[in-house]
Amino acid sequence: MKFYSTKNPDRMVDLRQAVTQGLAPDNGLYMPERIPSLPKEFFQTIHEKSFNEIAFAVAQNLIGDDIPTEELKRIVDHTIQFEAPVVQVEKDVYSLELFHGPTLAFKDFGARFMSQLLGYFARQQDQEIIILVATSGDTGSAVANGFLGVPGIRVVVLYPSGKVSDIQEKQFTTLGQNITAVEVSGTFDDCQQLVKEAFLNDELRKKFFLTSANSINIARLIPQSFYYFNAYAQMPTDKPLVFSIPSGNFGNITGGLLAKRMGLPVHKFIAATNINDVVPEYLQHGSFHPRPSKQTISNAMDVGNPSNFVRMLELYQGDFDALSADISGFAFSDEATREAMRYVYSTCGYILDPHGAIGYLGLKKFLSDSKEPVSGIFLETAHPAKFKEVVEDALQCPIKVPQVLLNFMKNEKRTISMGSDFFSFKKFLMETF
């Protein structure tokens with residue numbers, strides 16, 4: 001399989017180049033040159049397959065022969081070591097729980113897959129790979145823990161100071177070894193911009209082998225399609241299926257769109273956001289206006305210029321009518337988020353995290369407007385305990401914190417603080433590595 005840059009469709013690279021570069025030299029994102037459909041027989045028997053079997057078939061369909069079969073199977077088996085159950089919350093409303101991995105967030109799937117894929121490529125070269133990753137919350141913890149101790153790889157996590165939860169912060173600032181945390185005075189967009197500027201800087205690229213583990217990297221995107229297929233396999237098939245995805249950088253929904261392009265029968269996707277609503281605004285009016293992000297209680301979605309929007313456009317060749325036919329967009333305030341958390345807990349006994357609550361709201365809004373019966377799945381992307389203060393404040397009751405999170409909280413935070421200017425970040429990289 002070849003991959004092309006969204007800035008230049010004629011620029012083709014192999015999987016190794018796409019993954020190790022992360023961002024194309026022209027600042028474009030890599031996309032597969034074609035997205036093959038899975039055979040009808042796959043869907044006829046999908047309910048009988050394990051999560052690992054489903055994920056392997058999907059990975060092989062996209063990656064082809066770029067990775068030896070046994071190596072790809074090993075990578076998939078390393079990735080899928082925990083379940084992603086579909087849990088019924090209300091009539092026709094289901095939660096896809098993606099928080100059963102080691103850092104209790106959906107990004108564990110992408111980070112574990114990518115760590116093994118990059119580790120495989122790192123073994124084939126002499127130069128150390130340095131991963132730069134910007135995080136608004138769960139990406140940092142998932143990537144840091146996924147790559148912890150992987151030979152030949154160093155990870156630098158950039159995050160906005162004071163804008164991630166204490167538990168999220170402890171999950172990537174306490175690890176040490178090959179993980180370095182950089183606390184930036186600014187927003188997530190500032191962190192993401194520093195990463196992009198580093199990739200485009202000739203001096204840094206000559207000295208270091210740089211790549212990214214954000215969802216701009218195609219290796220993060222591919223495994224995010226796995227759990228859509230697995231969710232479908234767990235559902236009754238008597239109604240059309242709708243997915244509501246709480247969205248920030250829009251990698252998660254792009255993984256779902258890849259799944260649909262591979263043949264997964266999805267009736268509709270819902271892009272549900274907080275007040276950082278540039279994509280819902282686009283889906284309503286057809287114009288895209290990125291702007292500085294605003295801080296909310298669903299901090300992992302505080303993104304004002306989502307990188308993967310360009311991939312969404314690419315999948316539909318810029319056709320607004322086709323894209324908006326498949327995707328609806330809704331935005332919700334912090335107060336609406338809190339109200340949803342209170343309502344679901346009081347009526348169903350189910351605890352939502354603030355991101356899952358926005359996915360729930362998007363699904364409920366769609367169902368109330370739908371003229372035909374459908375079954376809906378919203379993505380519960382992180383364990384509620386990762387946002388303990390927000391959840392307890394909304395519900396006015398204590399929630400149990402899993403032991404794995406308590407273990408992180410015992411450790412000492414170690415970070416490097418800096419401003420959001422590129423000169424400081426470049427100086428840090430040149431002097432540290």
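Residue numbers run from 1 in the order of the sequence given.
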**Asked** Do you see a donor-acceptor pair shorter than 3.5 Å between the side chains of Asn145 and Thr103?
**Response** no
**Request:** Compute whether any side-chain donor of one residue and acceptor of the other, for Gln116 and Thr79, lie under 3.5 angstrom apart.
**Result:** no
**Message:** Tyr345: which residues meet the side-chain hydrogen bond (donor to acceptor under 3.5 Å, both in side chains) condition with it, sequence neighbours left out?
**Reply:** none
**Prompt:** Regarding Ser165 and Gln168, is there a side-chain donor-to-acceptor distance under 3.5 Å anywhere?
**Reply:** yes
**Distance-only side-chain donor-acceptor flag, Asn274 / Ser298, under 3.5 Å** = yes
**Request:** Answer yes or no: are there more than 12 heavy-atom neighbours, outside Lys73 itself, under 6.0 Å from its atom NZ?
**Result:** no
**Prompt:** Of all residues at least two apart in sequence or in a different chain, which pass the side-chain hydrogen bond (donor to acceptor under 3.5 Å, both in side chains) check with Lys426?
**Reply:** Glu203
**Item:** Pair listing, side chain to side chain donor-acceptor pair (under 3.5 Å) test, anchored in residues 252-261, at least two apart
**Value:** Tyr227-Asn252
**Item:** Carboxylate-amine/guanidinium contact Glu314 Lys7, below 4.0 Å
**Value:** no
**Pairs meeting criterion salt bridge (Lys or Arg N to Asp or Glu O under 4.0 Å) with involvement of residues 332-349, two or more places apart** = Glu335-Arg338, Glu335-Arg342
**Message:** Under the ring pair (Phe, Tyr, Trp, His ring centres under 6.0 Å) definition, can you give me all pairs with a residue in residues 306-335, not counting sequence neighbours?
**Reply:** Tyr282-Phe309, Tyr282-Phe320, Phe288-Phe309
**Asked** Can a salt bridge be assigned to the pair Glu71 and Arg74 using a cut-off of 4.0 Å between side-chain N and carboxylate O?
**Response** yes
**Item:** Within-4.5 Å side-chain heavy-atom neighbours: Asp302 and Phe188
**Value:** no
**Item:** Residue pairs passing the side chain to side chain donor-acceptor pair (under 3.5 Å) test where at least one lies in residues 83-98, sequence neighbours excluded
**Value:** Glu90-Tyr360, Glu90-Lys364, Asp92-Lys239, Ser95-Tyr350, Glu97-His100, Glu97-Tyr350
**Request:** Scan for ring pair (Phe, Tyr, Trp, His ring centres under 6.0 Å) pairs involving residues 230-276, sequence neighbours excluded, and state none if there are none.
**Result:** His47-Tyr232, Tyr228-Phe243
**Request:** Could you tell me which residues satisfy side-chain hydrogen bond (donor to acceptor under 3.5 Å, both in side chains) with Gln317, sequence neighbours excluded, listed by chain and number?
**Result:** none
**Request:** Keeping to residues at least two apart or across chains, list the ring pair (Phe, Tyr, Trp, His ring centres under 6.0 Å) pairs with something in residues 131-160.
**Result:** Tyr159-Phe172
**Proximity of Phe51 and Phe226 rings by center, below 6.0 Å** = no
**Message:** Just to verify, what does Val401 make a side-chain contact (heavy atoms from CB on, under 4.5 Å) with, not counting sequence neighbours?
**Reply:** Ala385, Lys388, Leu405, Leu406
Acceptor/donor pairs from residues 30-39 side chains to any protein atom, 3.5 angstrom cut, sequence neighbours excluded:
| unit_1 | atom_1 | unit_2 | atom_2 | d |
| --- | --- | --- | --- | --- |
| Tyr30 | OH | Gln21 | OE1 | 2.3 |
| Glu33 | OE2 | Lys2 | N | 3.3 |

**Message:** With no hydrogens and no angle check, just 3.5 Å: does a side-chain donor-acceptor pair link Asp26 and Asn8?
**Reply:** no
**Request:** Indicate whether any N or O donor in one side chain lies under 3.5 Å from an N or O acceptor in the other, for Lys107 and Gln224.
**Result:** no
**Request:** Under the side chain to side chain contact (heavy atoms under 4.5 Å, CB included) rule, what do Val19 and Leu118 come out as? Steps first, then yes or no, please.
**Result:** CA-CA 7 Å; Val19 171; Leu118 261 179; 3.9 Å; yes
**Request:** Assess whether atom CG of Asp238 is packed by more than 12 heavy atoms of other residues, nucleotides or ligands within 6.0 Å.
**Result:** yes
**Item:** Check: Val86 and Asn230 side chains under 4.5 Å, non-hydrogen atoms
**Value:** no
**Message:** Could you tell me if Glu183 and Ser161 have a donor-acceptor pair between their side chains, going purely by distance under 3.5 Å?
**Reply:** yes
**Request:** Using the test side-chain contact (heavy atoms from CB on, under 4.5 Å), find all partners of Ser368 that sit at least two apart in sequence or belong to another chain.
**Result:** Lys365
**Item:** is_close_aromatic(Phe387, His355), centroid dist under 6.0 Å
**Value:** yes
